[in-house]
Amino acid sequence: MKGQGQDSIPDKFNKPYDFVATEERIYSLWEKSGFFDPDKLPDRNKKGQPFSMVLPPPNVTGNLHMGSALMLAIEDIMVRYARMTGRKTMWIPGTDHAAIATQSVIEKKIQKEEGKSRYDLGREELLRRIAEHVTVTHDTITRQMRRMGVSIDWSREAFTLDDKRNLAVRTAFNKMYNDGLIYRGYRVVNWDPKGQTTISDDEIEYETRPAKLYTFKYSKDIPITISTTRPETKLGDTAIAVHPEDERYKKYIGQEFKTIFAGEEINLKVIADISVDPAFGTGALGVTPAHSMIDWEIAERHSLPMKQVINEYAKMMVGSETIVGKKTTEARLAVVAWLTKEGLLEKEEDIEHNVSLAQRTGGVVEPLPKLQWFVAVNKEFEQNGKKTTLKKLMIEAVTSGAIKIIPDHFEKVYFNWISNLRDWCISRQIWYGHRLPVWYRSATGDRVGQKEVFVGMESPKGDGWKQDEDTLDTWFSSGLWTFSTLGWPDKKEFDLHRDFHPTTILETGSDILFFWVARMILMSTYLLGEVPFKTVYLHGLVRDAKGRKISKSLGNNVDPLDMIAKYGADAVRMSLIVGVGPGSDSKIGEDKIKAYKLFANKLWNITRFVMSSCEGEKLDPDFTEFSDHDQKLMSDFDALCKDLTTDMDNYRYYLAAEKLYHYAWHEFADIILEDSKKLFAGGVSATNVGSQTDSESEKINKSRKQLLLRILSSIIKLLHPFMPFLTEEIWQEMNTGNSILMVESWPKS
RNA sequence: GCGCGGUUAGCUCAGUUGGUAGAGCAUUCCCUUGACGUGGGAAGGGCCAGGGGUUCGAAUCCCUUACCGCGCACCA
């Protein structure tokens with residue numbers, strides 16, 4: 001009977017690998033060990049250069065999806081590998097309040113369930129409801145992360161909206177304000193009428209839709225014809241722009257016209273601007289400074305007046321009876337009707353047209369002039385006695401090589417984005433987020449009617465001060481993440497963690513290169529004078545088995561938790577990693593996950609075979625008496641270890657994982673184990689080619705047993721970053737619980 | 001318009017510094033009952049998108065065309 005002697009195989013090996021029972025037990029073994037915390041690591045794991053990484057904080061809305069599962073898998077591989085190679089390893093968890101995203105989710109929910117808007121509830125009540133929701137989703141998310149097996153230091157968990165991060169935000173804001181890099185300005189911004197807030201340029205998505213291009217004259221008396229897809233905005237026109245060299249219009253430059261356009265008096269000055277393309281349309285452009293970003297810029301250059309004709313609800317503020325108060329879409333038709341009636345309309349063409357939509361609410365973005373807060377990206381300031389701009393800092397961080405982006409072609413994408421970068425609008429008219437550290441009060445004395453503005457860390461002394469109602473763009477606080485999680489701006493606490501900043505690597509989705517990666521570079525180079533990370537590793541999108549984007553409307557979401565329940569976390573991790581290079585999109589299908597579940601079981605059985613055929617034999621790390629053939633096998637394996645180490649050091653996880661899979665199954669199991677069967681049975685094998693004495697045969701058997709034990713235990717180590725649960729479980733059984741694989745050393749050979 | 005990718009076996013993709021192609025899945029056939037049928041062995045299948053160039057030699061480097069995807073800008 002088995003299960004009696006000390007060396008016999010544990011009973012669980014007589015059954016298929018049971019990941020359900022194993023994974024939870026192993027995770028708590030790790031958590032109890034304390035080794036997720038760099039300070040509690042065994043000494044031998046602290047010798048190398050410190051390794052640090054922040055988790056891209058998941059939004060507190062929603063659940064884990066396959067994209068987050070991929071992110072967690074890659075990052076956990078990085079971290080486990082670093083730990084095993086003896087680096088003092090820190091991985092910091094956290095969650096993101098995701099301002100607009102979260103608020104709009106809760107608002108929608110309340111609207112649906114109770115029929116109430118945020119204004120019905122009021123600021124305080126809405127925030128209370130969000131906090132309530134966030135507590136629940138936070139717990140769900142962290143539980144899901146544990147299921148994935150992340151070896152992250154929970155004791156350092158942060159939230160982008162907690163008190164410490166708020167202090168960091170206020171500190172950063174104040175410094176930027178004092179340096180003149182944050183300013184308040186009346187400018188055209190992207191207004192989301194649905195969400196009732198401004199959004200940044202990056203929060204816009206474009207959708208191509210059919211539209212009509214109308215060509216017409218403002219009036220019979222104005223000789224210039226213009227084209228537009230938005231005739232309703234023409235009520236706000238203050239100029240007609242033409243190219244300075246355009247012979248057709250040269251004679252009109254400088255002239256002024258006055259007319260009543262669809263019930264609204266407009267004054268137009270003909271100006272020359274090189275941004276006008278003479279070949280487009282009629283070559284003349286109606287300038288609407290209040291409702292177009294480009295026109296606003298033209299207006300700035302020519303000191304043109306700005307006239308707002310559309311309000312925050314995307315409704316007309318002026319015009320004839322059929323127009324005023326109407327939504328822009330309806331007003332458009334009314335203006336066209338008027339143009340037709342007046343005989344001014346010359347042409348109506350069908351064109352394809354890009355519509356700007358707010359990423360979070362889907363609302364059609366309306367450019368509006370508003371008094372908002374901005375970060376100036378082109379303004380010069382002094383740093384270390386050198387004149388620079390935020391844009392320059394962002395560019396230099398990468399051109400200097402201080403930051404390396406993987407895959408490297410994203411560096412070009414990054415520069416391309418920066419070259420088009422405009423001032424960053426950071427104030428949002430929503431309630432969930434960091435309140436601007438800005439206070440106002442009505443001035444007294446001879447400045448009555450004006451407002452006093454105070455920017456500081458706390459509310460100023462004196463009566464009548466009211467804090468700005470607006471909150472900051474969520475990416476403002478995320479930009480500080482690499483150091484706000486390390487204690488900044490508290491000098492004492494930050495000094496304690498100085499070794500961990502710049503962080504070693506930032507691993508995140510390529511889709512937030514601009515939103516987040518660029519903003520972190522901006523904040524860190526500006527506030528600390530150093531880069532936030534040395535390397536950026538970008539992963540791509542996880543698509544469904546057919547290559548389609550995963551979306552709610554398609555209903556093709558593959559829930560990682562379902563897959564974990566069905567096939568185990570290790571299988572899910574492997575399926576996400578193998579064959580997926582940095583930056584490239586991947587497809588996930590159940591078949592692939594299933595294949596790695598089979599692999600997990602294969603390893604389980606490999607272990608069973610090795611343990612049963614090596615009963616009584618202990619792994620001897622100093623053993624050298626290998627037979628010639630075994631020595632050859634051993635050096636082949638050592639070469640593999642070396643190769644894998646190179647892959648790991650160069651972030652080629654997709655290759656390393658595949659090579660390991662191949663070696664374990666098709667070399668170790670199919671060839672070495674098969675040969676060992678023959679050998680141990682006394683038959684003909686690769687080492688044992690014929691007659692030999694008993695002592696010779698004993699020697700050969702011993703050599704093979706040591707080989708099997710050594711290679712298996714190394715495979716288990718090499719595979720640990722990829723399949724942590726199964727390998728830890730096997731390790732525990734092979735070593736009867738004397739050590740924890742997570743902190744064993746990586747076999748470099 | 002500017003920029004970035006991709007195009008390799010039926011499918012999904014490798015191919016790291018140039019040496020006339022690999023894996024998994026799928027297909028077909030065969031084998032195996034003491035590690036594992038969640039197994040083992042084997043076979044078929046690719047003028048590496050088209051064209052041109054560099055080279056003794058190109059899937060790999062350069063140019064070009066086509067198609068697919070993506071980002072940014074424009075969107076009068």
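All values below come from the heavy atoms of this structure, side chains included, with hydrogens, waters and symmetry mates left out. These numbers come from a predicted model, not from an experiment.
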May I have the step-by-step check of ring pair (Phe, Tyr, Trp, His ring centres under 6.0 Å) for A:Phe257 and A:Tyr218, ending in yes or no?
CA-CA 10 Å; A:Phe257 297 97; A:Tyr218 288 97; 9.2 Å; no

With sugar-phosphate meaning primed atoms plus P, OP1 and OP2, does A:Thr229 contact a base, only sugar-phosphate, or nothing at under 4.0 Å between heavy atoms?
sugar-phosphate

Identify which nucleotide among B:A23, B:G71, B:A76 has an atom closest to any side-chain atom of A:Thr228, counting heavy atoms from C-beta outward.
B:A76

Return the value, rounded to whole Å, for the distance between atom CG of A:Asp675 and atom P of B:A35.
14 Å

Do the side-chain N or O atoms of A:Trp665 get closer than 4.0 angstrom to the phosphate oxygens (OP1, OP2) of B:A23?
no

Could you go through A:Arg187 and A:Asp423, starting from their C-alpha distance and side-chain angles, then the distance that decides it, and tell me whether this counts as salt bridge (Lys or Arg N to Asp or Glu O under 4.0 Å)?
CA-CA 11 Å; A:Arg187 308 184 28 169; A:Asp423 282 2; 3.5 Å; yes

Take the protein atom OH of A:Tyr596 and the nucleotide atom C1' of B:U12, then report the distance between them rounded to whole Å.
11 Å

Under 4.0 Å between a side-chain N/O of A:Tyr654 and OP1 or OP2 of B:G15, yes or no?
yes

Please state how far atom CE in A:Met734 lies from atom C1' in B:A35, giving the value in whole angstrom units.
14 Å

In whole angstrom, give me the gap between the P atoms of B:C2 and B:G24.
44 Å

When rounded to the nearest 0.5 angstrom, what distance separates CG in A:Leu660 from CG in A:Leu644?
4.5 Å

Taking only the P atom of each, what is the distance from B:G19 to B:A59 in whole angstrom?
10 Å

Using the P atom in both, what is the distance from B:A14 to B:A23, to the nearest Å?
16 Å

A:Trp475 versus A:Asp202, side-chain donor and acceptor atoms under 3.5 Å:
no

From the list B:U16, B:C74, B:C72, which nucleotide is the closest neighbour of the side chain of A:Lys659?
B:U16

Roughly how many Å is it from CD1 in A:Ile577 to P in B:A14, rounded to a whole number?
14 Å

Does A:Arg209 reach a base, just sugar-phosphate, or nothing at all? Heavy atoms under 4.0 Å.
nothing

Given Watson-Crick and G-U pairs under 3.5 Å, RNA chain B in dot-bracket ([ ] crossing, | other strand) is (((((((..((((........)))).(((((.......))))).....(((((.......))))))))))))....

RNA chain B: A:His666 or A:Arg543, which has the more 5' nearest nucleotide?
A:His666

Roughly, in whole Å, what's the span from CG in A:Asp670 to P in B:G39?
11 Å

Per the side chain to side chain donor-acceptor pair (under 3.5 Å) rule, what does the pair list look like for residues 592-601 of chain A, sequence neighbours excluded?
none

Hey, does the side chain of A:Ser613 come within less than 4.0 Å of B:A35's phosphate (OP1/OP2), counting only N and O?
no

Rounded P spacing from B:C29 to B:C13 in Å
29 Å

Side-chain N or O of A:Tyr206 closer than 4.0 Å to phosphate OP1/OP2 of B:A73:
yes

If I take atom CG in residue A:Leu538 and atom C1' in nucleotide B:C70, what distance separates them, rounded to the nearest angstrom?
14 Å

So, is A:Lys602 close to the B:G40 phosphate, meaning a side-chain N or O under 4.0 Å from OP1 or OP2?
yes

Quick check on B:G3: is either OP1 or OP2 less than 4.0 Å from any side-chain nitrogen or oxygen of A:His409?
no

C1' atom, B:G46 versus B:G5: distance in rounded Å?
23 Å

Checking all strands, does A:Val276 fall into the base, sugar-phosphate, or nothing category for heavy-atom contacts under 4.0 angstrom?
base

How long is the straight-line distance from CG of A:Leu719 back to OG1 of A:Thr727, given to the nearest 0.5 Å?
6.5 Å

Have a look at A:Glu352 and say if it touches a base, only the backbone sugar-phosphate, or nothing, with a 4.0 Å heavy-atom cut-off.
nothing

Do you know which two heavy atoms are closest between A:Leu538 and A:Gly509, and how far apart they sit?
CD2-O, 3.9 Å

For A:Glu658 and B:U16, what is the distance between atoms CD and C1' respectively, to the nearest whole Å?
13 Å

Pairing donors with acceptors under 3.5 angstrom, does anything connect the side chains of A:Arg704 and A:Asn701?
no

Is A:Asp277 touching bases, backbone alone, or none of the nucleic acid, heavy atoms closer than 4.0 Å?
base

What contact category does A:Pro16 fall into here, base, sugar-phosphate, or nothing, at under 4.0 angstrom with non-hydrogen atoms?
base

Provide the closest heavy-atom pair for A:Pro231 versus A:Val335 in the form atom of the first, atom of the second, distance.
CB-CG1, 3.7 Å

Looking at B:U16, B:U38, B:A35, which one has an atom nearest to any side-chain atom of A:Arg652?
B:U16

When you compare B:G69 with B:C31, how far apart are their P atoms, in angstrom units rounded to a whole number?
48 Å

Give the minimum heavy-atom separation between A:Leu603 and A:Ile730, together with the two atoms involved.
O-CD1, 4.2 Å

A:Thr233 near the nucleic acid: base, sugar-phosphate alone, or nothing, with a heavy-atom cut-off under 4.0 Å?
nothing

Sugar-phosphate only, base, or nothing, as touched by A:Asn420 at under 4.0 Å among non-hydrogen atoms:
sugar-phosphate

Remember a base hit wins even if backbone is also touched, and classify A:Ala669 as base, sugar-phosphate or nothing at under 4.0 Å, heavy atoms.
base

For A:Ile226, which contact category applies under a 4.0 Å heavy-atom criterion: base, sugar-phosphate, or nothing?
nothing

Pairwise 5' ranking along RNA chain B for A:Leu655 and A:Val413, keeping only the more 5' one:
A:Val413

Cut-off 3.5 Å, side chains only: do A:Lys269 and A:Thr238 have a donor facing an acceptor?
no

If you check every side-chain atom of A:Ile294, which of B:C75, B:C36, B:C72 has the closest atom?
B:C75

Between B:G5 atom P and A:Glu411 atom CD, what is the distance in whole Å?
12 Å

Name the nucleic acid region contacted by A:Leu673, choosing base, sugar-phosphate or nothing; use a 4.0 angstrom heavy-atom cut-off, strictly under.
base

Of the candidate nucleotides B:A76, B:C36, B:A35, which contains the atom at the shortest distance from the side chain of A:His353?
B:A76

Distance check, P atoms only: B:U8 and B:G50, in whole angstrom units.
10 Å

Rounded distance in Å between the P positions of B:G6 and B:C61
10 Å

Between B:C36, B:G71, B:A35, which nucleotide has the shortest distance from any of its atoms to the side chain of A:Asn416?
B:G71

